[in-house]
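Here is the structure we will look at.
Fair warning: this is a prediction, and the values are worked out from it, not measured in the lab.
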Amino acid sequence: MAREKEAERAADAEGTPERSYREQLDFLNPIARPLASRKLTRKLYKCIRKAAKHKQIRRGVKEVQKFINKGEKGITVLAGDTQPIDVYCHIPIMCEDRSLPYAYVPSKSDLGAAAGSKRPTCVIMIKPHEEYQETYDECLEEVEALPLPL
């Protein structure tokens, strides 16, 4: 019994335990479409990690918005659990106007962690680079295959 309490305290000390993909879906915004599948979400996180090593990502609403307006190409990944929605609801419209692929993933904390940050991130743009071109092309193909919201 004492061991169980110690285990509970250790879990509390570590912070909140990681939630599974299904549990994260409960916290999604109503605008989080097209949502990446579990498999695609893992591939996007892997691609983000590789892009972050080569400094080929744009992180945050202001930075991503600025580079979309400048005409930069890449995959835009948005977090589906960002509140309030008004913070980033204009980004998908900008992407559609410029024919840029975009997808939502369930968790902003996982998105930030994949980018190598301790802070949650609600928007990331992955730029293409020859070092991880194969992974990028695979993600690009799957994101473009996702159905756009009506």
Side-chain angles (χ1 to χ4, degrees), residues 10-149:
D12 290 341
E14 291 175 7
T16 56
E18 283 194 25
R19 294 189 302 252
S20 71
Y21 183 84
R22 285 188 188 262
E23 291 170 339
Q24 290 173 350
L25 295 181
D26 296 336
F27 300 100
L28 284 181
N29 290 327
I31 65 163
R33 303 282 181 274
L35 183 66
S37 65
R38 179 181 296 166
K39 186 176 178 183
L40 179 56
T41 299
R42 285 194 200 124
K43 285 182 184 178
L44 286 168
Y45 289 156
K46 182 178 179 183
C47 191
I48 290 168
R49 279 193 292 276
K50 288 182 179 183
K53 283 182 186 174
H54 299 286
K55 307 269 192 256
Q56 296 296 312
I57 60 171
R58 303 289 183 204
R59 182 182 314 156
V61 176
K62 284 178 75 175
E63 190 176 353
V64 169
Q65 181 177 338
K66 179 171 73 174
F67 284 98
I68 288 174
N69 283 332
K70 285 185 177 182
E72 196 167 278
K73 298 293 181 189
I75 302 171
T76 306
V77 183
L78 300 107
D81 62 348
T82 302
Q83 293 289 339
I85 298 172
D86 301 342
V87 171
Y88 73 142
C89 64
H90 59 285
I91 300 285
I93 298 163
M94 293 173 66
C95 289
E96 287 176 14
D97 289 345
R98 290 163 181 80
S99 301
L100 293 175
Y102 70 94
Y104 285 86
V105 293
S107 172
K108 63 183 174 183
S109 56
D110 290 348
L111 190 60
S117 172
K118 292 179 183 175
R119 300 280 305 149
T121 304
C122 60
V123 185
I124 285 183
M125 177 187 271
I126 310 168
K127 299 190 308 183
H129 192 265
E130 63 268 358
E131 291 291 323
Y132 55 88
Q133 192 66 43
E134 189 176 307
T135 309
Y136 178 85
D137 290 339
E138 198 174 301
C139 289
L140 181 66
E141 185 180 307
E142 289 190 39
V143 169
E144 286 177 339
L146 291 172
L148 288 177

Next item on the list: Answer yes or no: does atom CD of Gln83 have more than 12 heavy-atom neighbours from other residues, nucleotides or ligands under 6.0 Å?
Entry: yes
Next item on the list: Find the distance between SG (Cys95) and NE2 (His90) and round it off to the nearest 0.5 Å.
Entry: 9.5 Å
Next item on the list: Kindly indicate whether the side chain of Asp137, heavy atoms from C-beta on, has any atom under 4.5 Å from the side chain of Glu141.
Entry: no
Check: At their closest point, which heavy atom of Leu146 faces which heavy atom of Ala103, and how far apart are they?
Finding: CD1-CB, 3.9 Å
Margin query: Any side-chain to backbone donor/acceptor pair from Tyr88 onto Ala79? Under 3.5 Å, distance only.
Written below: yes
Note to self: Measuring from atom OH of Tyr104 to atom CG of Leu28, what distance do you get when rounded to the nearest 0.5 angstrom?
What the structure shows: 10.5 Å
Margin query: For Arg119, is the CZ atom crowded, meaning more than 12 foreign heavy atoms sit under 6.0 Å from it?
Written below: no
Margin query: Quick check for you: to the nearest 0.5 Å, what is the distance between Met94 atom CE and Leu100 atom CG?
Written below: 9.0 Å
Notebook entry, point to check: Under a 4.5 Å cut-off applied to non-hydrogen side-chain atoms, are Leu148 and Tyr102 in contact?
Noted result: yes
Item checked: Within-4.5 Å side-chain heavy-atom neighbours: Phe67 and Lys127 -> no
Note to self: For Pro106 versus Asp81, what's the shortest heavy-atom pair and its separation?
What the structure shows: O-CG, 3.3 Å
Item checked: Check: Arg19 and Asp26 side chains under 4.5 Å, non-hydrogen atoms -> no
Please list every donor-acceptor pair under 3.5 Å in which a side-chain atom of residues 68-78 meets a protein atom from a residue at least two apart or in another chain.
{"unit_1": "Asn69", "atom_1": "OD1", "unit_2": "Arg98", "atom_2": "NH2", "d": "3.1"}
{"unit_1": "Asn69", "atom_1": "ND2", "unit_2": "Gln65", "atom_2": "O", "d": "3.3"}
{"unit_1": "Glu72", "atom_1": "OE1", "unit_2": "Arg58", "atom_2": "NH2", "d": "3.3"}
{"unit_1": "Glu72", "atom_1": "OE2", "unit_2": "Arg58", "atom_2": "NE", "d": "3.1"}

Item checked: Pairwise side-chain contact, Ile85 with Pro30, heavy-atom cut-off 4.5 Å (strictly under) -> yes
Checklist line | pair Cys139-Ile126: side-chain heavy atoms closer than 4.5 Å | finding: no
Note to self: Ignoring hydrogens, what is the shortest heavy-atom contact between Asp110 and Ser107? Give both atom names and the distance.
What the structure shows: N-OG, 3.2 Å
Notebook entry, point to check: Sub-3.5 Å donor-acceptor pair from the side chain of Glu63 to the main-chain atoms of Gly60, do we have one?
Noted result: no
Notebook entry, point to check: So His129 and His54, would you call those rings parallel, tilted or perpendicular, with 30° and 60° as cut-offs?
Noted result: parallel
For residues 40-53, which side-chain donor-acceptor pairs fall under 3.5 Å, sequence neighbours excluded?
{"unit_1": "Thr41", "atom_1": "OG1", "unit_2": "Ala36", "atom_2": "O", "d": "3.4"}
{"unit_1": "Thr41", "atom_1": "OG1", "unit_2": "Ser37", "atom_2": "O", "d": "2.7"}
{"unit_1": "Lys43", "atom_1": "NZ", "unit_2": "Glu138", "atom_2": "OE2", "d": "3.0"}
{"unit_1": "Lys43", "atom_1": "NZ", "unit_2": "Glu142", "atom_2": "OE2", "d": "2.5"}
{"unit_1": "Lys50", "atom_1": "NZ", "unit_2": "Thr135", "atom_2": "OG1", "d": "3.2"}

